[in-house]
Amino acid sequence: MPKLAALQSGPLKGRAAVPGDKSISHRALMFGALSIGETRIAGLLEAADVLATAGAVEMLGAEVARDGSEWIVRGRGVGGLTAPEGPLDFGNSGTGARLMTGIVAGHPIKAQFTGDASLCRRPMGRVLKPLRKMGLAVAEGDKDTLPLTLIGTDQLVPMRYVLPVPSAQVKSAVLLAGLSAPGETTVVEGEATRDHTEKMLTYLGAEISVEATPEGRAITLRGQPILQGRPIRVPADPSSAAFLAAAALISPGSEIVIENVLVNPTRTGFYTTLREMGADITFEAERDQGGEPVADIRVRHSALRGVTVPPERAPSMIDEYPMLAALSAYAEGETFMQGLAELRVKESDRLAATEAGLKACDVESVAAGDTLRVRGKGRVPGGGVIATDMDHRIAMAFLTLGLGADKPVTVDDVTMIDTSFPNFVALLTGLGAAFEARA
Ligand code: S3P
């Protein structure tokens, strides 16, 4: 396992373009496959998670090709995908596996789903439960972890589903199955989760309405639309940008600009929280790019103070908590994060991994129930070796923490960084950060 240490370094200076948004990249490939004609994708994230989705989409009969810096999907239309000859391997990606479950549900095909050791321990029951009600069959019966053999149908029944957990993956899986069902499929979410599925399906021609109800936001999709392939430009990923922003905040004298970042409000809770902590962060040149808001994010080194992060903000920054927790160690005072139950079922148990990593760096932190407390002292002793547990965001959060720590911080395995942000080390090094390979 390749180990890497982050050394105290900086200041960070310059401009950086982080890779394309992971959530939008997965969707562009999958929804392109469900469209008729050509979907040309610019700025696709070329990282292992998304490439696994590209492979799955091809195995289901869509054509996927790279043309210069763009990707082209020639789709089969809703209901037009065909049975794969071998297993669909989603690697480390929960989004790939869960969204595709909704798609396969609406096709009369059998497909085996598998993934790596991390994905094979994550719960699939959250998508299988509503999809079984719509008509999906699972060869393994009640089993709810991969590998699984899914048997879809062209006779799905539409449903109204109230999300029991705030999850865009579950919402998306049900809506994607609803594409194949006659009539209206409705998903109700108590807390707003990322809305890229609704936005992109509408852009490709689906009829979707959103209504506020006492139970929450009700998203209704009319089934069996004809989706038409259209060009998609993927903005930069705010969850990847979060590491650069944190690195600049930590290193005295830093000032960086991260270009063309997605600033959809369902994704920007991290940046809202940083501002509350006293961070000097501005969204510059805010503009619309294919229906999604983007901005250049300017970050200057800032003195930070601990804050309480409300539980209702969790869905809008769910992937950013390891970084926020690590950054909180550099603040003065306690940061208290709530509503974090979902972190237990990410690529690793991120609550446990974050608490353990902070302790290894001599930072006081307590994970209890669905909360996390970090006692910030303005500086971090560091010196620890972090167990990444097959989790890319744990690896990147602690490497970033190490850029300001008194002693180097080592992560035990950097391979998983390739799942979402392959040039993470190169981009930070270009801005002035220092890393060192370790035996
Ligand atoms: C994602 C939704 C989130 C997030 C994941 C991407 C998506 O997962 O953590 O990285 O693209 O829909 P949940 O839906 O499980 O919260």
Side-chain angles (χ1 to χ4, degrees), residues 19-31 44-45 47-50 52-53 90-103 115 118-119 121-130 144-145 161 163-176 187 189-201 217 219 234-235 237-243 262 264 266-270 292 311-324 339-351 353-354 370 390-394 396-397 416-417 419-421:
D21 186 66
K22 183 146 72 75
S23 293
I24 293 181
S25 294
H26 281 296
R27 287 163 172 79
L29 290 167
M30 292 190 207
F31 303 177
L44 187 85
L45 169 64
D49 274 12
V50 174
T53 289
F90 294 94
N92 192 244
S93 178
T95 305
R98 296 205 180 103
L99 267 59
M100 197 62 97
T101 302
I103 292 176
S118 156
L119 184 56
R121 64 185 183 225
R122 297 179 65 186
M124 291 295 287
R126 52 181 52 203
V127 288
L128 296 177
K129 191 174 167 223
D144 86 335
T145 50
Y161 191 60
L163 289 183
V165 283
S167 164
Q169 293 175 1
V170 180
K171 168 176 69 176
S172 301
V174 174
L175 290 174
L176 289 168
V187 178
E189 54 181 10
E191 294 166 73
T193 67
R194 64 193 69 196
D195 57 1
H196 311 305
T197 294
E198 299 93 297
K199 282 189 158 183
M200 199 185 291
L201 286 179
R217 186 170 170 269
I219 304 126
V234 184
D237 195 323
S239 300
S240 297
F243 301 111
L262 175 73
N264 177 319
T266 64
R267 297 288 299 280
T268 49
F270 177 71
E292 290 283 7
E312 62 275 10
R313 194 177 292 161
S316 69
M317 55 179 295
I318 194 66
D319 292 334
E320 281 67 81
Y321 281 102
M323 189 64 262
L324 179 68
L340 309 186
E342 280 296 298
L343 292 191
R344 300 260 183 218
V345 290
K346 294 295 176 188
E347 286 82 331
S348 69
D349 175 344
R350 281 190 182 154
L351 258 186
T354 302
D370 69 348
M390 298 189 76
D391 190 325
H392 56 130
R393 296 205 197 276
I394 295 297
M396 291 187 279
M416 297 321 275
I417 293 176
T419 64
S420 70
F421 194 170

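Indexing begins at 1, ligand by ligand and atom by atom, following the structure's order.
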Do any nitrogen or oxygen atoms of L99 lie less than 3.5 angstrom from nitrogen or oxygen atoms of ligand 1? no
Report yes if S23 has an N/O atom closer than 3.5 Å to an N/O atom of ligand 1; otherwise report no. yes
Option whose closest heavy atom lies nearest to atom 13 (P) of ligand 1, chosen from K346, R98, E342: K346
Donor-acceptor pair, distance only, cut-off 3.5 Å: does the side chain of T354 make one with the backbone of L351? no
If the test is side chain to side chain donor-acceptor pair (under 3.5 Å), which one of D21, T197, D49, T53 qualifies with H26? T53
Under 3.5 Å, is there a donor-acceptor pair linking the side chains of [X] and [Y]?
X	Y	answer
S93	R98	no
T145	R121	no
S118	E347	no

Show every donor-acceptor pair shorter than 3.5 Å between a side-chain atom in residues 314-321 and any protein atom, with sequence neighbours excluded, or say none if there are none.
from : atom 1 : to   : atom 2 : distance (Å)
S316 : OG     : R313 : O      : 2.8
E320 : OE2    : S239 : OG     : 2.8

Look up atom NE2 in H196 and atom CG in N264, then write down how far apart they are to the nearest 0.5 Å. 5.0 Å
Suppose I only count heavy atoms of [X] and a 4.0 Å limit; which atoms of ligand 1 are within that range?
X	answer
D319	4 (C), 5 (C), 9 (O), 10 (O)
I318	9 (O)
T95	1 (C), 5 (C), 6 (C), 7 (C), 11 (O)
A168	12 (O), 14 (O)

Mind checking what makes salt bridge (charged side-chain N to carboxylate O under 4.0 Å, His left out) contact with E191, not counting sequence neighbours? none
Within less than 4.0 angstrom of ligand 1, does R27 place any heavy atom? yes
Tell me whether ligand 1 is touched by H26 - counting only heavy atoms on the residue side and a distance under 4.0 Å. no
Atom 14 (O) of ligand 1 - nearest protein heavy atom and its distance: S167 OG, 2.7 Å
Under 4.0 Å, heavy-atom basis, I'd like to know which part of H196 is in contact with ligand 1: side chain, backbone, both or neither. neither
